[in-house]
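Since the structure comes first, as structure tokens, the remarks are kept for the end.
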Amino acid sequence: MSSFDYTSLWERPPVIEEIILKQKENSLIQIDILRLDLIHPMLSGNKIFKLSLFLSDCLQSNHRTLLTFGGALSNHLSATAYACRTLGIKCIGLVRGEILNSPTLKYCQKMGMELHGMERSEFRKISEQTNNDLLISKYGPHTLVPLGGFGKKGAKGAMDIMNLVPENTYSHICTPVGSGTTLAGLLLKSRKETIVAFPAIKNMYDIPKRMLEMGVRSLDKLSVVSNYHFGGFAKRNDELIKFINQFYRDYQIPLDMVYTSKMLFGVIDMIQKGEFPRSSKILCIHTGGLQGNQSLPAGTLCF
Ligand SMILES: *Cc1c(COP(=O)(O)O)cnc(C)c1O
């Protein structure tokens with residue numbers, strides 16, 4: 001089906017690691033982490049899965065140009081820039097806000113991505129286009145990857161993440177949520193596991209609607225935990241930074257400040273509060289995103 005093997009872009013294959021919680025009283029609960037962050041520092045995590053079918057389409061096109069969207073810290077843009085560079089695809093990134101000098105965007109430019117910053121309201125309008133005629137007239141023919149890879153094609157790519165999860169092993173699979181595309185992929189392929197979603201965005205009430213739009217038929221296996229966004233998307237406080245540093249010291253696993261740290265903070269907090277059944281076997285998906293930590297002041301994190 002897909003005409004290229006996206007795993008050829010991987011630096012390392014992902015692995016599953018168990019972490020032994022420091023809190024002894026919860027020793028009946030097992031937490032494993034699927035380390036998608038190991039795949040590649042820039043391509044990392046869930047992004048290569050969501051991109052795979054778009055890249056495949058683009059490789060088969062005559063224009064061999066891909067266009068997508070993102071913010072100044074966007075893991076999606078850095079992953080796209082790296083993948084396109086490696087595959088010889090021309091790529092265009094439309095950026096929310098006009099400042100183009102974040103470490104992420106500098107990297108994208110270095111990888112040859114053509115960046116166009118735009119003011120937020122224009123970005124919102126343009127990134128919600130479902131028909132790309134307007135974009136084609138402005139930027140030429142291309143394969144369009146919607147914001148966050150959202151949609152059936154992105155979700156179909158994300159389904160492959162479930163191939164890395166052994167069957168009949170976990171009671172719960174936890175994932176952070178941005179656009180919900182990864183979540184949809186997991187739900188589309190879940191077996192008996194409950195999929196626990198941790199939105200990184202405040203007041204994200206439309207998750208069920210998004211799932212249905214991406215072809216998820218039943219929401220029985222979905223559980224949404226909405227209270228670990230730390231004030232909103234990409235917001236952080238000292239408690240979160242302290243948690244990231246402590247987690248690294250305890251388990252030698254680096255977390256990003258936007259998604260995976262908030263999910264793991266939530267999972268551990270919920271375990272301490274007894275909100276997971278005893279003897280749960282939990283798999284947390286480390287969706288990567290570590291490149292975004294570069295925008296923190298030097299010395300904030302211990303890794
Ligand atoms: C993009 C991203 C997400 C969100 O994925 P969606 O499929 O948009 O929900 C989660 N974690 C990390 C690290 C990401 O970069």
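What you see below is based on every heavy atom in this structure, not just the backbone, and it leaves out hydrogens, waters and symmetry mates. For ligands, and for the atoms within them, numbers begin at 1 and follow the listed sequence.
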Identify all N/O pairs between ligand 1 and the protein with a separation under 3.5 Å and present them as a table of atom names and distances.
{"unit_1": "ligand 1", "atom_1": "5 (O)", "unit_2": "N46", "atom_2": "ND2", "d": "3.0"}
{"unit_1": "ligand 1", "atom_1": "7 (O)", "unit_2": "K50", "atom_2": "NZ", "d": "2.8"}
{"unit_1": "ligand 1", "atom_1": "7 (O)", "unit_2": "T181", "atom_2": "N", "d": "3.4"}
{"unit_1": "ligand 1", "atom_1": "7 (O)", "unit_2": "T182", "atom_2": "N", "d": "2.9"}
{"unit_1": "ligand 1", "atom_1": "7 (O)", "unit_2": "T182", "atom_2": "OG1", "d": "2.7"}
{"unit_1": "ligand 1", "atom_1": "8 (O)", "unit_2": "K50", "atom_2": "NZ", "d": "3.0"}
{"unit_1": "ligand 1", "atom_1": "8 (O)", "unit_2": "S179", "atom_2": "N", "d": "2.8"}
{"unit_1": "ligand 1", "atom_1": "8 (O)", "unit_2": "S179", "atom_2": "OG", "d": "2.6"}
{"unit_1": "ligand 1", "atom_1": "9 (O)", "unit_2": "G178", "atom_2": "N", "d": "2.7"}
{"unit_1": "ligand 1", "atom_1": "9 (O)", "unit_2": "S179", "atom_2": "N", "d": "3.2"}
{"unit_1": "ligand 1", "atom_1": "9 (O)", "unit_2": "G180", "atom_2": "N", "d": "2.9"}
{"unit_1": "ligand 1", "atom_1": "11 (N)", "unit_2": "T287", "atom_2": "OG1", "d": "2.6"}
{"unit_1": "ligand 1", "atom_1": "15 (O)", "unit_2": "K47", "atom_2": "NZ", "d": "2.7"}
{"unit_1": "ligand 1", "atom_1": "15 (O)", "unit_2": "N75", "atom_2": "ND2", "d": "2.7"}

Practice prompt. Any pair with a residue in residues 226-245 that passes side chain to side chain donor-acceptor pair (under 3.5 Å), sequence neighbours left out, goes on the list, sorted by first then second residue, please.
Written response: Y228-D269

Worksheet item: So, do H76 and F69 have ring centers that fall under 6.0 Å from each other?
Response: no

Discussion item. For a side chain to side chain donor-acceptor pair (under 3.5 Å) check, start with the C-alpha distance between S121 and E119, then their side-chain angles and the critical distance, and finish with the verdict.
Written reply: CA-CA 6 Å; S121 60; E119 184 257 308; 2.7 Å; yes

Discussion item. Less than 6.0 angstrom separating the ring centers of F198 and Y259, yes or no?
Written reply: no

Item to complete: Check the pair F49 / Y6 against ring-ring contact (aromatic ring centres under 6.0 Å, His included), numbers first and verdict last.
Response: CA-CA 8 Å; F49 295 92; Y6 60 87; 5.8 Å; yes

Worksheet entry | side-chain contact (heavy atoms from CB on, under 4.5 Å) evaluation trace for I285 with T182 | CA-CA 10 Å; I285 303 192; T182 302; 5.8 Å; no

